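Report on the structure given below.
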Amino acid sequence: TIARAIELKHNSGLIAALAYETANFYQKADHTLTTLDPTYTAKWRKYLQLKNSFYMAYAYCYNGQTLLAGDKCGEAIRSLQEAEKYYSKAEALCKEYGQTKGPGSTAKPSEHLFFRKLGTYIRNTLEKCQRENGFIYFQKVPPEAPQLELKANYGLVEPQSFELPALSSQWSQDVYTAFDITKGPKDDKAKDKKEEEVKPVKEPDLKPQKDTGCLIS
């Protein structure tokens, strides 16, 4: 979904929100495995943690772009610095994941183009923000990273709560007990009727007559 949004050049705020929600899904999955035997879950947890850090890097990167578009260059720089930190953490977790033993095949996310392009993109965007801040904005970079309170709601259908309708008063216990499958009609299959034979129709024998009564004068 995120790669598709980037390809279609959607709003940076939407991409950041999608990445942030995706990161939260991986974090919840990692927390779910904390109570299980590490012998079987250690490798999976490393994978989930690196995916969480990777998508958090995406979220902070595109959040920085959104802040820059709103002329908040100082906050944009701090957001991109946080993205750089999460990307470095994801790189370290990729190495740990490859060295962790456990069931399942080992993926190589650090070799994927989608992973490698992010590091370059973060560095280029951060350099751009620092350059513009030095020439145009002159804003202070806050010590704390901006809080991500993002929700992807563009182009997504909001779920509607469903409630069962109230039970009709006609459906009483006597009505339910009246349903007795043992008293149902027998399954008598109707026999196929044979097609009636079509009797041939005898056509009259029309023979040409020599004497037609016509005269040529």
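Computed from a predicted model, the values in this text were never measured in an experiment.
For the residue pair Asn52 and Gln27, the shortest heavy atom distance occurs at ND2-CB, 3.6 Å. The two atoms that bring Thr66 and Ser12 nearest to each other are OG1-OG, 2.9 Å, heavy atoms only. Of all the heavy atoms in Trp44 and Pro103, the pair that sits closest is NE1-O, 4.0 Å. Minimum heavy-atom separation, Cys94 to Pro109: SG-CG, 3.9 Å. Shortest non-hydrogen contact noted between Ile2 and Ala19 is CD1-CA, 3.5 Å. Considering every non-hydrogen atom in both Asn63 and Pro146, the closest pair reads ND2-CG, 3.9 Å.
Residues satisfying the side-chain contact (heavy atoms from CB on, under 4.5 Å) test with Asn133, not counting sequence neighbours, are Cys73, Ile77, Tyr137, Gln139. Partners of Ala5 according to the side-chain contact (heavy atoms from CB on, under 4.5 Å) rule, which considers only residues two or more places apart in sequence or in another chain, are His10, Ile15, Leu18. By the side-chain contact (heavy atoms from CB on, under 4.5 Å) test, Pro142 is found to be paired with Glu75, Arg78, residues two or more places apart in sequence or in another chain being considered. Looking at residues two or more places apart in sequence or on another chain, you find a side-chain hydrogen bond (donor to acceptor under 3.5 Å, both in side chains) between Asp37 and Thr39. Under the salt bridge (charged side-chain N to carboxylate O under 4.0 Å, His left out) criterion, Lys46 pairs with Glu96, sequence neighbours left out. Residues forming a side-chain hydrogen bond (donor to acceptor under 3.5 Å, both in side chains) with Thr35 (at least two apart in sequence, or on another chain): none. When the side-chain hydrogen bond (donor to acceptor under 3.5 Å, both in side chains) test is applied to Thr106, the partners found at least two apart in sequence or on another chain are Lys43. Residues that satisfy the ring pair (Phe, Tyr, Trp, His ring centres under 6.0 Å) test with Phe162, not counting sequence neighbours, are absent from this structure. When the side-chain contact (heavy atoms from CB on, under 4.5 Å) test is applied to Ser168, the partners found at least two apart in sequence or on another chain are Gln170, Trp171. Residues passing the side-chain hydrogen bond (donor to acceptor under 3.5 Å, both in side chains) test with Thr41: none are found, sequence neighbours excluded.
Here Tyr55 and Tyr20 keep their ring centres 6.0 angstrom or further from each other.
By the rule that hydrophobic residues join a cluster once side-chain heavy atoms approach within less than 4.5 Å of another member, Val141 and Leu80 end up as members of one cluster. Follow the hydrophobic side-chain contacts under 4.5 Å out from Leu148 and you never reach Leu67; the two are in separate clusters. Cluster membership check: Leu36 shares its hydrophobic cluster with Tyr26, using side-chain heavy-atom separations under 4.5 Å among Ile, Leu, Val, Met, Phe, Trp and Tyr.
Annotation for Phe138: atom CZ counts as buried by contact number, over 12 foreign heavy atoms lying within 6.0 Å.
Contact check for Arg45 versus Thr34: side-chain heavy atoms found under the 4.5 Å cut-off. Contact check for Lys89 versus Leu93: side-chain heavy atoms found under the 4.5 Å cut-off.
Sorted by first then second residue, the salt bridge (Lys or Arg N to Asp or Glu O under 4.0 Å) pairs that include residues 111-136, not counting sequence neighbours, number zero. For residues 91-131, the ring pair (Phe, Tyr, Trp, His ring centres under 6.0 Å) pairs, not counting sequence neighbours, are Tyr47-Tyr97, Phe54-Phe114, Phe54-Phe115, Tyr58-Phe114, Tyr62-Tyr121, Tyr87-Phe115.
Separating the CG atom in Leu48 from the NE2 atom in His31 is a distance of 10.5 Å, to the nearest 0.5 Å. Separating the CD atom in Glu84 from the OH atom in Tyr60 is a distance of 14.5 Å, to the nearest 0.5 Å. The structure places OG of Ser79 at 11.0 Å from CD of Gln147, a figure rounded to the nearest 0.5 Å.
Side chain of Thr177 to main chain of Asp174: a donor-acceptor pair is present (N/O by atom type, distance under 3.5 Å, no hydrogens or angles).
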